[in-house]
2 protein chains.
Amino acid sequence: MFSVPTRTQYGIRALVHLATSEARSSTSAEIAKAQAISPKYLEGILGQLKTSGLVLSERGAHGGYRLAREPESIPMREIVEALEGEIRPVGCVDDSDCCEQGVDCLPRRFWIGLKQAIDGYLDSKTLRDVIEA
Amino acid sequence: MFSVPTRTQYGIRALVHLATSEARSSTSAEIAKAQAISPKYLEGILGQLKTSGLVLSERGAHGGYRLAREPESIPMREIVEALEGEIRPVGCVDDSDCCEQGVDCLPRRFWIGLKQAIDGYLDSKTLRDVIEA
DNA sequence: CGGTATTCCTATCGGGATAGTAGGAATATA
DNA sequence: TATATTCCTACTATCCCGATAGGAATACCG
């Protein structure tokens, strides 16, 4: 349960690779090989990280990807949300008016608490923490 | 992200129903109607909760389901794990030997921390807390 | 004993998401 | 011009989730 999609795992591994690499930038193919990720699949993930402003890219020969910020300035929550969207255990966590008529919605606060627990953890870690673990 | 399957949401709603109901026991059909859950689907969920020892059942006319313990003795983690299995963000959280050769497994500790954050929250709440929220 | 209410078991099915593939266009370097 | 690389769009296969169907087993009640 609560299994994290490979998309997110791969994205984080790619960012870890960039954060620990000596080189100024790395190509998608390099990262894919080093991290044992399907190359074409990784391309899409890196594109997503770029759209979210977490990495920068340069095209053409000698192009590649690099981090947009220092690892200590990248909270893990930002990474996870960039790849999967906001943490939302159930649909109604941010919609108090969602419950079906007559249905007891007691569990809602419980789910909100879970969201806060997860968000709190993700907010407390940065990419730096992960590469230094 | 981290969306909880309806299976789990329904299961918790069903347990909340049992915990707050005046009657000694409730039928699957009653709960389904009161909680707006697909009746046949709920049957399976209740069966799962029974297998896990969270509810007791009686067959035949005037049969039904009731809680196996008092709500304060049912941790939410036990419910969630009964319905979805153990919390496991990534496959390798409890298998230190799982990572592909040559692949940097730095994120593993991060995922273990996430599991602990979630488990910690779920351990801190009982069914009683949920119905009194 | 027969009728009825209920849990319990097994099988099936459609839709959506996930994971991955394919091909090539745009762009930068040399 | 040749080559390396990002970038874009579309496609496919597979799996899981949510739900449905039908009926067997079982218990109460007259």
Side-chain angles (χ1 to χ4, degrees), chain A residues 1-14 18 23-68 80 83-85 88-91 100, chain B residues 1-14 18 23-68 80 83-85 88-91 100:
Chain A
M1 174 47 191
F2 282 97
S3 68
V4 173
T6 61
R7 174 170 219 84
T8 303
Q9 300 181 44
Y10 293 169
I12 290 175
R13 298 229 300 262
L18 292 178
R24 192 173 153 284
S25 75
S26 309
T27 69
S28 174
E30 277 169 16
I31 303 171
K33 187 172 184 187
Q35 296 286 327
I37 301 170
S38 159
K40 273 295 198 182
Y41 191 37
L42 180 60
E43 274 187 22
I45 296 169
L46 286 167
Q48 209 172 340
L49 292 172
K50 171 175 176 149
T51 302
S52 307
L54 289 169
V55 303
L56 303 175
S57 66
E58 285 175 63
R59 303 225 258 192
H62 300 104
Y65 296 89
R66 59 196 166 88
L67 293 182
V80 171
L83 293 165
E84 311 189 35
R88 180 181 308 197
V90 297
E100 299 89 348
Chain B
M1 177 48 194
F2 283 97
S3 66
V4 173
T6 61
R7 173 170 221 83
T8 304
Q9 300 181 44
Y10 294 169
I12 290 175
R13 297 229 301 261
L18 292 178
R24 191 172 154 285
S25 75
S26 308
T27 69
S28 174
E30 276 170 17
I31 302 172
K33 187 171 184 188
Q35 296 286 328
I37 299 171
S38 158
K40 272 295 198 181
Y41 191 36
L42 180 59
E43 272 187 24
I45 295 168
L46 286 167
Q48 211 172 340
L49 292 172
K50 168 171 182 156
T51 302
S52 306
L54 289 168
V55 303
L56 304 175
S57 67
E58 285 174 64
R59 304 224 256 190
H62 300 105
Y65 296 90
R66 61 195 166 88
L67 292 182
V80 170
L83 293 165
E84 310 189 37
R88 181 182 306 197
V90 298
E100 299 89 347

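Throughout, protein chains are lettered first and strands after them, A, B, ... in sequence-line order, and every chain is numbered starting at 1.
With sequence neighbours excluded, the residues that form a side-chain contact (heavy atoms from CB on, under 4.5 Å) with A:S26 are A:H17, A:L18, A:S21, A:E30, A:I31.
Looking at B:Y10 and B:L83, their side chains never come closer than 4.5 Å, going by heavy atoms from C-beta outward. In this structure, the side chains of B:V55 and B:R66 stay at 4.5 Å or more apart for every pair of heavy atoms.
If you measure from atom NZ of B:K33 to atom C1' of C:dA5, you get 16 Å, rounded to the nearest angstrom. Atom CG in B:L42 sits roughly 12 Å away from atom P in D:dT20 (whole-Å rounding). At whole-Å resolution of the value, CZ in A:R13 and C1' in C:dA19 are 14 Å apart. Look at CG on A:L56: it is 18 Å from P on C:dT27, rounded to the nearest Å. If you take CD1 of A:I45 and P of C:dA19, they are 8 Å apart, rounded to a whole angstrom.
Taking only side-chain nitrogens and oxygens, B:S38 never comes nearer than 4.0 Å to OP1 or OP2 of D:dA19. Distances shown here put every side-chain N or O of B:Y41 at or beyond 4.0 Å from the OP1 or OP2 atom of D:dC17.
Evaluation of the side chain to side chain donor-acceptor pair (under 3.5 Å) test over residues 44-63 of chain B, restricted to residues two or more places apart or in two chains, returns B:R7-B:Q48, B:K50-B:S57.
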Letter per nucleotide, 5' to 3', of nucleotides 4-13 of chain D [B base touched, S only sugar-phosphate touched, - untouched; heavy atoms, 4.0 Å]
BBBBB-----
Let's go through B:Y65 and B:L49 carefully: what are the C-alpha distance in whole Å and the side-chain angles of both, what is the deciding distance for side-chain contact (heavy atoms from CB on, under 4.5 Å) to 0.1 Å, and is it a yes or a no?
CA-CA 10 Å; B:Y65 296 90; B:L49 292 172; over 6 Å; no
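Remark: side-chain polar atoms of A:E43 are not paired, donor with acceptor, to backbone N or O of A:S28 under 3.5 angstrom.
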